[in-house]
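Presented below is the structure to which this report refers.
Letters A, B, ... are given to chains in the order of the sequence lines, protein chains preceding strands, and every chain is numbered from 1.
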Amino acid sequence: MSAPASTSRQSGAADRRPSLSHRLAERGIDRTLWLMAPGLLFIIVLFVYPFTYGLNLSLHPQEGGTFAAYKAFFTDPSMRGWESLWITLKLSLPAALINVIVSIPLAYKMRGNFRGKRTLTTLLVVPITLGTVLTAEGLLNFFGPRGWFNRFLDLFGIGPLQLVQNYWGVLWSLIISGFPFAFLLIMSYLSGIDPTLESAAKTLGADWKQRFRRVTLPLLAPGLATTFCLTFVLAFSVFPSAILVGDPSGSTRVIAYVAYNAWGQKFDYPLASASAIIMGIAEMIVIAVVLMLRSTMYKGSTGGKG
Amino acid sequence: MSATIERPAPTTEQPAPRRRITATPGTYFTWAGMAIFLILLFGVVFSVLVNSFASKWFNSWLPAGYTAKWYGEAWKQYDLSQVVMTTLIVAIAVVVIAVLLGVPASYVLARKNFPGKRVVLLLFLLPIMMPPITYGIPLATLLTYYHLAPGLTGVILANLVPSVPFVVMTMTPFIEQINPSIESAARMCGASMGRLFMRILAPLLIPGILASAVLVLVRTVGMFELTFLTSDSSSNTLVVALFTAMTGAGIRAQQSVDAMAVIYMLSMLVLLVIALRFVNPTQLVARVDESGD
């Protein structure tokens with residue numbers, strides 16, 4: 001193809017309609033999109049590819065049919081898959097719910113300016129720095145049979161309570177580690193709600209209960225759903241604390257522990273991948289349910305100032 | 001919307017009007033609940049702190065004596081110089097790479113509308129929404145297959161998986177806050193994309209980049225699962241070293257583990273204080289100007 005011929009053809013096309021790059025740019029595709037390429041490539045190589053690899057692996061177990069690894073997870077008596085799933089939900093749902101519910105009145109009181117607000121916020125956020133091990137050590141020391149808490153109860157003649165190395169220890173540790181996140185998120189959602197809306201309701205004679213139920217809560221509900229999802233994700237992946245302050249072979253045998261055991265102790269990679277994928281699916285189902293409930297709620301602007 | 005990025009709330013707050021002392025029962029209930037929570041939390045933290053200084057502590061309210069020797073012992077026994085070094089290398093590598101990959105991507109997501117944007121957003125959201133174990137196990141299997149794990153490379157790669165999306169998610173609102181007409185003006189004056197980034201966007205984005213960098217740093221130092229799955233004894237970070245010290249077999253002094261936990265807490269606390277200087281936590285979700293109140 002000779003050069004002059006091609007130029008004339010191109011200019012002929014340009015007469016009829018804009019060039020291809022121009023038309024693509026109108027739909028939002030231009031060279032700027034290349035900026036996204038490194039990040040996207042990274043996610044595909046290190047997240048999507050391993051995930052499909054794991055999925056494929058889980059469907060090709062060492063022995064048995066395609067779904068043998070999944071079947072083994074639910075039926076193998078040494079796996080106790082159903083039980084671990086149930087235990088994980090029994091820990092993570094209450095933990096997320098408690099964190100969200102407790103945060104609402106606190107965040108509500110923390111609105112507006114008052115003395116010591118910054119200090120109080122910092123105090124409530126400090127648990128982020130503790131880490132699972134310090135929390136675990138602290139819970140063992142503090143709530144242990146000879147710890148300060150049981151000593152204190154002993155002063156009133158209440159017998160020592162078993163609060164660690166079981167379900168309660170892990171729940172405590174989930175609340176301590178999840179609370180700062182729930183609190184911060186809810187506080188930011190609350191501060192995004194225009195206070196004049198409440199003032200207006202007040203002018204119309206609504207008492208605080210009505211104002212909360214009819215004005216603030218509906219505006220806050222989507223934020224609560226998001227916060228619940230995020231704290232639930234944190235609590236659902238509970239793993240180190242279930243071992244440290246729990247009873248990993250019994251009442252706190254969480255699904256992450258089961259998956260890790262199959263991977264790191266049994267070296268059964270198909271079974272481990274299957275457990276991991278079941279874990280992901282179970283979590284996604286809970287989130288999907290919460291988000292579906294959320295879609296039935298108010299979706300407009302929260303009247304924020306920002 | 002103003003062209004400048006909102007800074008964290010100004011430190012010179014106006015003297016707040018004093019609240020009335022009288023309060024409803026609900027208020028008392030809330031404050032009492034918070035007080036109990038804080039007391040329990042304080043007890044949990046303080047018992048570790050006391051134990052890390054205790055010479056002997058058996059069946060009594062307070063230890064029999066105090067000593068600081070556990071800190072030195074923990075440092076030697078668990079080879080903390082190396083562990084701290086690894087933690088630093090991993091954290092800095094993850095922060096730098098995550099920012100370099102994440103910021104350009106968040107620019108595109110904040111500014112442009114293109115077919116398939118929802119799919120891209122979902123891809124960036126999934127690693128944050130999934131439990132680390134879920135993708136960590138296939139990832140660790142694959143990294144081991146390619147001989148990248150267990151080891152430092154594997155630890156850095158695995159920790160990058162949630163960090164890059166995290167940078168994208170925290171940076172997008174920061175970029176949305178910059179008035180696009182500034183960019184248009186620069187383009188009208190003939191600035192190329194590279195110059196636009198270096199001369200216009202980068203200076204305006206510095207606060208946002210610092211904020212997300214510090215947050216990624218805090219997350220990476222605290223990330224247990226992914227490091228645990230991809231590290232060996234020579235590439236442990238502080239969290240994993242703590243966990244193995246606490247679960248490992250053998251007779252060891254509880255106090256030295258406590259001392260190590262205190263070291264970990266203090267370093268995290270420093271990081272958090274730095275993070276709070278750069279970013280007002282309440283502005284992460286809804287950007288609200290609190291100075292007007």
Side-chain angles (χ1 to χ4, degrees), chain A residues 27-29 32-33 35-36 38-40 42-43 46-47 50-51 53-54 105-106 109 112-115 123 127-134 137-139 141-142 146 148 151 176 184-185 187-189 191-192 233 236-237 239-240 243-244 256 259 263 269 272-273 276 279-280 283 304-306, chain B residues 13 16 19 30 34 38 41 43-45 47-48 51 59 61 101-102 104-105 107-108 112-115 120 123-124 127 129-135 137-139 141-142 157 161 164 168 222 224-225 239 242-243 246-247 257-258 261 264-265 268-269 272 281-282 284-289 293:
Chain A
R27 295 195 58 194
I29 302 173
T32 338
L33 286 193
L35 287 171
M36 206 170 58
L40 206 55
F42 171 84
I43 290 294
L46 279 172
F47 182 75
F51 215 88
Y53 174 85
L106 278 186
K109 293 290 168 205
N113 282 331
F114 59 90
R115 278 162 175 241
L123 267 182
I128 291 179
T129 65
L130 300 182
T132 21
V133 173
L134 191 132
E137 274 285 311
L139 286 169
N141 287 350
F142 183 74
R146 283 173 304 178
W148 282 335
R151 269 178 189 287
I176 290 179
L184 280 182
L185 280 170
M187 202 160 87
S188 32
Y189 282 117
S191 59
V233 172
F236 191 80
S237 53
F239 173 54
I243 296 172
L244 298 176
W263 186 82
Y269 297 130
S273 302
M279 183 177 171
E283 189 220 53
K305 296 164 281 174
Chain B
E13 280 173 15
R19 282 264 183 111
T30 310
M34 172 143 65
L38 284 177
L41 187 69
V44 165
V45 176
S47 63
V48 175
N51 200 25
N59 214 352
W61 281 94
L101 292 178
Y107 175 78
V108 176
K112 302 210 60 94
N113 240 328
F114 52 90
V120 173
L123 271 184
F124 277 122
M129 292 302 283
M130 283 260 180
I133 288 268
T134 313
Y135 57 87
I137 284 182
L139 180 67
T141 314
L142 203 63
L157 285 177
V161 173
V164 172
V168 172
F224 172 78
E225 286 94 340
V239 239
L242 262 169
F243 179 81
M246 203 174 156
T247 51
V257 177
D258 285 10
Y264 172 83
M265 187 192 103
M268 282 295 267
L269 197 62
L272 190 77
T282 55
L284 275 181
V285 187
R287 320 211 121 249
V288 175
D289 185 12
D293 279 333

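B:Leu123 and A:Ile43 make their closest contact through O-CG2, 3.8 Å (heavy atoms, listed as atom of the first residue, atom of the second, distance). Heavy-atom minimum distance, B:Met265 versus A:Leu134: CB-CD1, 4.0 Å. Scanning all heavy atoms of the two residues, the minimum distance from B:Met268 to A:Thr129 falls at CB-O, 3.5 Å. The shortest heavy-atom contact between B:Val48 and A:Glu137 is CG2-C, 3.8 Å. Taking both residues in full, the closest heavy atoms of A:Ala276 and B:Ile137 are given as CB-CB, 4.4 Å, listed atom of the first, atom of the second, then distance.
Ranked by heavy-atom pairs shorter than 4.5 Å toward chain A, the options B:Val164, B:Val168, B:Val239 are led by B:Val164. Interface summary for chain A: among B:Pro104, B:Gly222, B:Pro132, the most heavy-atom pairs under 4.5 angstrom belong to B:Pro104. Put simply, of B:Val161, B:Leu157, B:Leu38, B:Val45, the one with the most heavy-atom pairs under 4.5 Å next to chain A is B:Val161. Put simply, of B:Ala261, B:Ser47, B:Gly102, the one with the most heavy-atom pairs under 4.5 Å next to chain A is B:Ser47. Of the listed residues (A:Ala256, A:Pro127, A:Pro240), the one with the most heavy-atom contacts under 4.5 Å to chain B is A:Pro240. Heavy-atom pairs under 4.5 Å with chain A were tallied for B:Pro131, B:Pro138, B:Ala105; the largest tally goes to B:Pro131. For the set A:Ser237, A:Gly131, A:Gly54, the entry with the most heavy-atom pairs within less than 4.5 Å of chain B is A:Ser237. When each of A:Leu139, A:Leu40, A:Thr132 is checked for heavy-atom pairs under 4.5 Å with chain B, A:Leu40 comes out on top.
Looking at B:Leu272, the atoms closer than 4.5 Å to chain A (heavy atoms on both sides) all sit in the side chain, from C-beta outward. Looking at A:Trp263, the atoms closer than 4.5 Å to chain B (heavy atoms on both sides) all sit in the side chain, from C-beta outward. Using a 4.5 Å cut-off between heavy atoms, B:Asn113 touches chain A through its backbone atoms (N, CA, C, O) alone. For B:Leu139, the parts lying under 4.5 angstrom from a heavy atom of chain A are both the backbone and the side chain. Looking at B:Val108, only its side chain comes within 4.5 Å of chain A, counting heavy atoms on both sides. Of the two parts of A:Leu106, the backbone and the side chain both hold a non-hydrogen atom closer than 4.5 Å to a non-hydrogen atom of chain B. Contacts between B:Phe243 and chain A at a heavy-atom distance below 4.5 Å involve backbone atoms as well as side-chain atoms. Contacts of B:Leu41 with chain A are made by side-chain atoms alone, with heavy-atom separations under 4.5 Å and no backbone atom involved.
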Begin with the C-alpha distance, continue with both residues' side-chain angles, and end with the deciding distance and a verdict on side chain to side chain contact (heavy atoms under 4.5 Å, CB included) for A:Val133 and B:Tyr264.
CA-CA 9 Å; A:Val133 173; B:Tyr264 172 83; over 6 Å; no

Please test B:Thr134 against A:Glu283 for side chain to side chain contact (heavy atoms under 4.5 Å, CB included), starting from the C-alpha separation and ending with a verdict.
CA-CA 10 Å; B:Thr134 313; A:Glu283 189 220 53; over 6 Å; no

Starting from the C-alpha separation in whole Å, work towards a yes-or-no answer on side chain to side chain contact (heavy atoms under 4.5 Å, CB included) for B:Tyr107 and A:Thr32.
CA-CA 9 Å; B:Tyr107 175 78; A:Thr32 338; 3.9 Å; yes

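To the nearest 0.5 Å, atom CG of residue B:Leu101 and atom CG of residue A:Leu35 are 12.0 Å apart. Rounding to the nearest 0.5 angstrom, the gap separating the CE atom in A:Met36 from the CZ atom in B:Phe124 is 7.0 Å.
A perpendicular orientation is assigned to the rings of B:Tyr135 and A:Phe47, their planes being inclined by more than 60° (bins at 30° and 60°).
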